[in-house]
Amino acid sequence: MTTPTSPTATSRTLTLTATFLTATVALYTALVAFGNITDFGTNQQFVRHVLAMDTTFKDDDLMWRAVTSKGLQDAAYVAIIVWETVAALVLVAGTWFWGRRDYGRARRFSTYGLLMLLFGAGFIAIGGEWFAMWQSEDWNGLDAATRVFLLSGVVLLVVQLPLREHGQETDGAV
């Protein structure tokens, strides 16, 4: 015979799960930002090719979207790195607050950090569709972006689940 899990045990399990999932995305995002900073040239070329649309089908109806200015391409790449760095820091703060059992701040910071991830809007929508990255065999980051986007979505759902503390339920609102 099994006994039902107590609300406090369930809450502890949920907060531990939220902590580790937030920490996982924080670590991943921090490593991506760190890699882009310390190996600037590798992904700089990626961003340049995606924005220039030089490995797409070269459809005249789409090529007007191409950004060929190296200055604008590099500015976009630096903005991506700054965005990743800020998102990582916010997620680290969210992880810290989960660990300190400051659930309101933990949810807020985790939610902000997860929503700041640019993989959905930035890489999937803008890179994938606007700059037709999906057409490129060499410079297509949609698979990686989709994985991170889905992971972040799952973590966001877990972070927003209601907690039970001392017999009272708290909602997942931020």
Problem - Single-linkage hydrophobic cluster Trp96~Tyr103, side-chain heavy atoms < 4.5 angstrom - result: yes

Exercise for the section: Would you check, one step at a time, whether the test side-chain contact (heavy atoms from CB on, under 4.5 Å) holds for Thr111 with Arg108? Expected result: CA-CA 5 Å; Thr111 300; Arg108 254 190 321 279; 5.9 Å; no

Exercise for the section: Begin from the C-alpha positions of Phe40 and Tyr77 and carry the test ring pair (Phe, Tyr, Trp, His ring centres under 6.0 Å) through to its verdict. Expected result: CA-CA 9 Å; Phe40 190 85; Tyr77 182 47; 4.7 Å; yes

Exercise for the section: Taking the side chain as every heavy atom from C-beta outward, state whether Leu163 and Arg107 have any pair of such atoms under 4.5 Å apart. Expected result: yes

Problem - Close side-chain approach of Asp143 and Arg147, heavy atoms under 4.5 Å - result: yes

Problem - Leu161 with Leu156, same ILVMFWY side-chain cluster at under 4.5 Å - result: yes

Exercise for the section: For residues Gly94 and Ser110, report the shortest heavy-atom separation together with the two atoms involved. Expected result: CA-OG, 3.8 Å

Exercise for the section: Verify the cluster assignment for Tyr112 and Val148: are they in a single hydrophobic cluster under the rule of side-chain heavy atoms below 4.5 Å apart? Expected result: yes

Exercise for the section: Can you see which heavy atom on Gln73 is nearest to which on Val67, and at what distance? Expected result: NE2-O, 2.7 Å

Practice task
Using the rule that two of Ile, Leu, Val, Met, Phe, Trp, Tyr join whenever any of their side-chain heavy atoms come within less than 4.5 Å, decide whether Phe119 and Trp130 are in one cluster.
Solution key: yes

Problem - Spatial distance of atom CG (Leu91) from atom CG (Leu21) [nearest 0.5 Å] - result: 11.5 Å

Handout entry: Contact summary for Gly113 and Val90, nearest pair of heavy atoms
Key = N-CG1, 3.5 Å

Practice task
Give a yes or no on this: more than 12 heavy atoms of other residues, nucleotides or ligands lie within 6.0 Å of atom CG of Asp39.
Solution key: yes

Practice task
Go through Leu27 and Leu31 one step at a time and tell me if the side-chain contact (heavy atoms from CB on, under 4.5 Å) criterion holds.
Solution key: CA-CA 6 Å; Leu27 176 63; Leu31 290 174; 4.0 Å; yes

Completion exercise
dist His49:NE2 -> Asn43:CG (nearest 0.5 Å) comes out at 11.5 Å

Exercise for the section: Indicate if Leu151 and Leu16 have the same hydrophobic cluster label, given that clusters are the connected sets of ILVMFWY residues with side-chain heavy-atom separations under 4.5 angstrom. Expected result: no

Problem - Heavy-atom closest pair, residues Thr55 and Ser136 - result: OG1-OG, 2.6 Å

Fill in the blank from the handout: So CG of Asn140 and CZ of Phe46: to nearest 0.5 Å the spacing works out to 7.0 Å

Handout entry: Evaluation steps, side-chain contact (heavy atoms from CB on, under 4.5 Å), between Leu51 and Val47
Key = CA-CA 6 Å; Leu51 295 180; Val47 170; 3.7 Å; yes

Exercise for the section: Mind listing the closest non-hydrogen atom pair of Thr56 and Ala132 along with its distance? Expected result: CG2-O, 3.4 Å

Exercise for the section: Would you kindly say whether Thr15 and Trp98 are connected by a side-chain donor-acceptor distance under 3.5 Å? Expected result: no

Completion exercise
Here the pair of heavy atoms bringing Thr19 nearest to Gly99 is OG1-N, 4.3 Å

Handout entry: Close aromatic pair by centroid cut-off 6.0 Å: Phe131 and Trp139
Key = no

Handout entry: Inter-residue atom distance Ile80.CD1 - Thr85.OG1, 0.5 Å rounding
Key = 11.5 Å

Practice task
Mark yes or no for whether Gln135, through its side chain, and Phe57, through its backbone, hold a donor-acceptor pair below 3.5 Å.
Solution key: yes

Exercise for the section: Show your reasoning for whether side-chain contact (heavy atoms from CB on, under 4.5 Å) applies to Met133 and Ile126. Expected result: CA-CA 9 Å; Met133 182 170 59; Ile126 296 171; over 6 Å; no

Problem - SB check Asp74 Arg48 (cutoff 4.0 Å) - result: yes

Problem - Atom pair CE/CG of Met63 and Asp54 - distance to nearest 0.5 Å - result: 7.5 Å

Completion exercise
In this structure, OG1 of Thr95 is separated from CZ of Arg100 (nearest 0.5 Å) by 14.0 Å

Handout entry: Within 6.0 angstrom of Phe34 CZ, more than 12 heavy atoms from elsewhere
Key = no

